[in-house]
Protein chains: 2
Amino acid sequence: MPTESPADEPSPRSTRADALRNREAVLSATAEVFATSGVDAPIRRIAARAGVGMATVYRHFPTRADLVTAVYRHQIEACAQAGPRLLADADAPFDALTGWIDLFTDFLVTKHGLADALQSDSERFAALHTHFLDRLLPVCAALLDAAADAGEIRADVQPYELLRGIGNLCIGRDTDPRYEPRRLIGLLLDGLRREPPPGGGAA
Amino acid sequence: MPTESPADEPSPRSTRADALRNREAVLSATAEVFATSGVDAPIRRIAARAGVGMATVYRHFPTRADLVTAVYRHQIEACAQAGPRLLADADAPFDALTGWIDLFTDFLVTKHGLADALQSDSERFAALHTHFLDRLLPVCAALLDAAADAGEIRADVQPYELLRGIGNLCIGRDTDPRYEPRRLIGLLLDGLRREPPPGGGAA
DNA sequence: TCAGCATCCGGAACACCGCTCCGTTTTGTC
DNA sequence: GACAAAACGGAGCGGTGTTCCGGATGCTGA
């Protein structure tokens, strides 16, 4: 194990020990609270659990989105890196695409309220939306392009709308046992496939 | 037009003039506020606009969902009644289905935050979810059944998950001009069509 | 070692919201 | 006109996000 990843911590600006200590405390408290109460949990509770004041939380993570991205950074990263790998390993690009969508869905579905937060119109989460997009949009685009180039899917689907659609379909799974987003996502992917050339393109 | 629909007003229980007057005032104020600020607007504002106290709003409409259903009742009704009509008029059941989904989408998309509210996990909206389902689920089921019987779509799709999926896909259109739910909904409907058996059933 | 100071901390404080409670007012009836 | 039932209004409570500032804390240099 190589001591420490070089760019693992995004901003080691602070030189003071207490600041770094608190940052870690907040981060691990946040992970615990998010896991039990979802990403909408009150900041007060996070601060209390971390044993710090609320201002300390806000100082290290100005917006709730910063908190979410910090907690799930590794998983976002893993999802992003899985894209090229799947593409290299799969027999057909479409298989890679479905596999990756599956990973993405798993990620969203297992974090309480994460999908909701992602599409929330609250500006509290705007940065979260942006971060997901920055990291995952290129990956999705590459998978889509590959599948389109192979003629497996129609070529007029934008990466953004696909990601957004998957995210939207994952909303509310926590609170409704009847709802299984994966079925609909499968349907969407079926719709993505280029239909056997009967004549013209779909309107 | 026959003077008045008999069961148009759901609960004319009250005999007092001021109560009825206030109910109307709240209703029209709510419509205005919802149109400008979305269905999440503070109750305080609605009460202020109606010129009544907050308790009056709560007395007539105990939950926010009651307010929403009261304001949009006619449109929900129109959407529900359009189902059978489309089915009777269309050449093929699938056309009726797409036409109806289109109406439903229009409805959700033109009301700020309505789609969000519908799938919200907040119990404040649970009754709203229920009302939509009570009224629209049978209609959707009839359309799906007809299309399935005609062999135009696969038969393993539940009405609930379809409605839910459409609703979910409409979330967040207000705040993101880049996002056009109708394209994805079209894709979903494409996926619904029974593909000319290329192999086995989709897993 | 220790003074000095930039940095960071904590929680009180403010604003906003949903919802309820209860003294007051209005309305219909006798 | 008087009376009781019904309805009203807004203060009040609990909860949340976010900010502000006096005080504590850790680094630095002599």
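So that the names make sense, note that chain A is the first sequence line, chain B the second, and so on, each numbered from 1.
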Please check the phosphate of [N] (OP1 and OP2 only) for any side-chain N or O of [X] closer than 4.0 Å.
X: B:T56; N: D:dG9; result: yes
X: B:H60; N: D:dA7; result: no
X: B:N22; N: D:dC8; result: yes

* Given the rule in the salt bridge (Lys or Arg N to Asp or Glu O under 4.0 Å) test, do A:D106 and A:K111 qualify, once you have shown the distances and angles that lead to the verdict? -> CA-CA 9 Å; A:D106 274 338; A:K111 315 299 174 225; over 6 Å; no
* To the nearest Å, how far apart are A:R23 CZ and C:dC8 P? ->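 Rounded to the whole Å, the gap is 13 Å.
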* Roughly how many Å is it from CG in A:L20 to P in C:dC8, rounded to a whole number? ->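 To the nearest whole Å, that distance equals 9 Å.
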Check nucleotides 27-30 of chain C for protein N or O atoms closer than 3.5 Å to its own N or O atoms and list the pairs.
unit_1 : atom_1 : unit_2 : atom_2 : d
C:dT27 : OP1    : B:R21  : NH2    : 3.3
C:dT27 : O4'    : B:R16  : NH2    : 3.2
C:dG28 : OP1    : B:A17  : N      : 3.2

* With a 4.0 Å cut-off, would you call B:R193 and A:D190 a salt bridge? -> no
* Asked: Thinking salt bridges, do B:R23 and B:D18 make one under a 4.0 Å N-O criterion?
  -> no
* Is it true that the NZ or CZ of B:R173 lies under 6.0 Å from the centre of B:Y179's six-membered ring and within 45 degrees of the ring axis? -> no
* Asked: Backbone N or O of A:L114 within a donor-acceptor pair of the A:Y72 side chain at under 3.5 Å?
  -> no
* Distance-only, no hydrogens or angles: does the A:W100 side chain make a donor-acceptor pair with backbone N or O of A:P84 under 3.5 Å? -> no
So which protein N/O to nucleotides 1-3 of chain C N/O distances come out below 3.5 Å?
none

* To do: Taking atom types as modelled, find out whether B:D66 and B:T63 have a side-chain donor-acceptor pair closer than 3.5 angstrom.
  =>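 Judged by distance alone, the side chains do pair up.
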The criterion is salt bridge (charged side-chain N to carboxylate O under 4.0 Å, His left out); which residues satisfy it with [X], sequence neighbours excluded?
X: B:D149; result: none
X: A:E152; result: none
X: B:R45; result: none

Using nucleotides 18-21 of chain C, report all nitrogen or oxygen pairs with the protein that are shorter than 3.5 Å.
unit_1 : atom_1 : unit_2 : atom_2 : d
C:dG18 : OP2    : B:I43  : N      : 3.1
C:dG18 : N7     : B:R44  : NH1    : 2.8
C:dG18 : O6     : B:R44  : NH2    : 3.1
C:dC19 : OP2    : B:Y58  : OH     : 3.2

* Is the A:F132 ring parallel, tilted or perpendicular to the A:F107 ring (thresholds 30°, 60°)? -> parallel
